[in-house]
Amino acid sequence: PHPAFPEADLCTCAPNWYAQACDKFCVAQSTCNAHGSCSTETGNCLCSTDYFGTTCTTFSSPSTTRSATVTSAGGIMPIDAAGSINVPVGALQVTTQLTVKIYSDPSIVPNTNGLKVVAPLYVFGPAGTQFPEPLLMTLAFNASSASEASRARGYWYDEARQAWVLNEFVTSSATTVTSKVFHFSMFTVLI
């Protein structure tokens, strides 16, 4: 029903069919409810700003938005009272306006696969920015016990695959976790 067309040893999917086997149907206007686009890699919805969920149906405004201008010499961008982004020398090639939108509603955190959300959802920009040197991201969280706190880890959301990916762990305390990050996207702390 969704043939692939051979092209130089690669397959090209028919219109609106995606993924390696051309088996994922997606039309942004209907599948993503006109609030996103279809990932050419997976066919999953990539939601527009402030829209969340597998089909981009949940709208939420950030509770806080922060920004900081950081140069190639590096710097620190405060996120909240305990959180920050530490940008090392050389991680940015040019002076860049970094932003973070903080969403406090835990119900918008997508697909946690049984993991517990213990922090807000942080959306960093410029979206998709990649860094040759890792940034140190410290995020604050609220755990209900010392045991929970010891298991808290930072994650980033792979929107194309609709899955949380564990950040490279650096250190944690009873209320913060620090991870290495190589790009900007959505982040939170899960247990």
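Along the sequence shown, residues carry numbers from 1.
- The backbone N or O of C38 lies less than 3.5 Å from no partner atom in the side chain of N44, so there is not a single donor-acceptor pair.
- Aromatic rings from F52 and F59 are positioned such that their centres are separated by 6.0 Å or more.
- Using modelled atom types, one side-chain atom of T129 and one backbone atom of P126 make a donor-acceptor pair closer than 3.5 Å.
- Residue pairs meeting the disulfide bond (SG atoms under 2.5 Å apart) criterion with at least one member in residues 54-103, sequence neighbours excluded, are C47-C56.
- Rounding to the nearest 0.5 angstrom, the gap separating the OG1 atom in T188 from the CG atom in L139 is 7.5 Å.
- Between N167 and K180, the side chains place no donor N or O within less than 3.5 Å of an acceptor N or O (distance only, hydrogens not considered).
- For the pair E148 and K116, the minimum side-chain heavy-atom distance is below 4.5 Å.
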Would C45 and T31 satisfy side-chain contact (heavy atoms from CB on, under 4.5 Å), going step by step from the backbone distance to the final call? CA-CA 7 Å; C45 291; T31 311; 4.0 Å; yes

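- With sequence neighbours left out, Q93 forms a side chain to side chain donor-acceptor pair (under 3.5 Å) with no residue at all.
- Counting non-hydrogen atoms of other residues, nucleotides and ligands closer than 6.0 Å to CG of N142 gives a total of 12 or fewer.
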Go through it in stages, so that I can follow the logic: the residues are T95 and V70, the test is side-chain contact (heavy atoms from CB on, under 4.5 Å), and I'd like the CA-CA distance, side-chain angles, deciding distance and then a yes or no. CA-CA 6 Å; T95 299; V70 180; over 6 Å; no

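- S84 contributes no side-chain N or O that, together with a main-chain N or O of N86, makes up a donor-acceptor pair within less than 3.5 Å.
- Atom OG1 of residue T178 and atom CZ of residue R153 lie 11.0 Å apart, to the nearest 0.5 angstrom.
- In this structure the side chain of M137 never reaches within 4.5 angstrom of the side chain of V170, judged on heavy atoms.
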Walk me through it: do F131 and F184 pass the test ring pair (Phe, Tyr, Trp, His ring centres under 6.0 Å)? CA-CA 9 Å; F131 307 101; F184 273 167; 5.0 Å; yes

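- Taking CG from L46 and CD from E159, the interatomic distance works out to 5.0 Å, rounded to the nearest 0.5 Å.
- Residues that satisfy the side chain to side chain donor-acceptor pair (under 3.5 Å) test with D80, not counting sequence neighbours, are Y122.
- Rounding to the nearest 0.5 Å places CG of N16 at 8.0 Å from OG of S30.
- Interatomic distance, I79 CD1 to T138 OG1, rounded to the nearest 0.5 Å: 7.5 Å.
- Judged by distance alone, the side chain of D158 and the main-chain N or O of A160 form a donor-acceptor pair under 3.5 Å.
- No continuous path of hydrophobic side-chain contacts links V177 to L166 [ILVMFWY only; heavy atoms under 4.5 Å].
- The one candidate from V109, L121, T64 that meets the side-chain contact (heavy atoms from CB on, under 4.5 Å) condition with Y103 is L121.
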How far apart are the C-alpha atoms of V100 and M77, what are their side-chain angles, what is the distance that settles it, and do they pass the side-chain contact (heavy atoms from CB on, under 4.5 Å) test? CA-CA 9 Å; V100 60; M77 177 179 142; 3.3 Å; yes

List the steps and the verdict of side-chain contact (heavy atoms from CB on, under 4.5 Å) for C32 and C26. CA-CA 8 Å; C32 306; C26 182; 3.9 Å; yes

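- T42 places no side-chain N or O within 3.5 Å of a backbone atom of S39 that could act as its donor or acceptor partner.
- Aromatic rings from F124 and F187 are positioned such that their centres are separated by under 6.0 Å.
- Evaluation of the salt bridge (Lys or Arg N to Asp or Glu O under 4.0 Å) rule for R151 yields no partner, not counting sequence neighbours.
- A donor-acceptor pair under 3.5 Å links the side-chain atoms of T71 to the main chain of A73, judged by distance alone.
- Rounding to the nearest 0.5 Å places CG of L136 at 9.5 Å from CD of E168.
- Scanning for side chain to side chain donor-acceptor pair (under 3.5 Å) contacts around S185 gives H183, with sequence neighbours left out.
- Between the side chains of S67 and Q97, at least one donor N or O sits under 3.5 Å from an acceptor N or O.
- Applying the side chain to side chain donor-acceptor pair (under 3.5 Å) criterion to T112, with sequence neighbours excluded, gives no partner residue.
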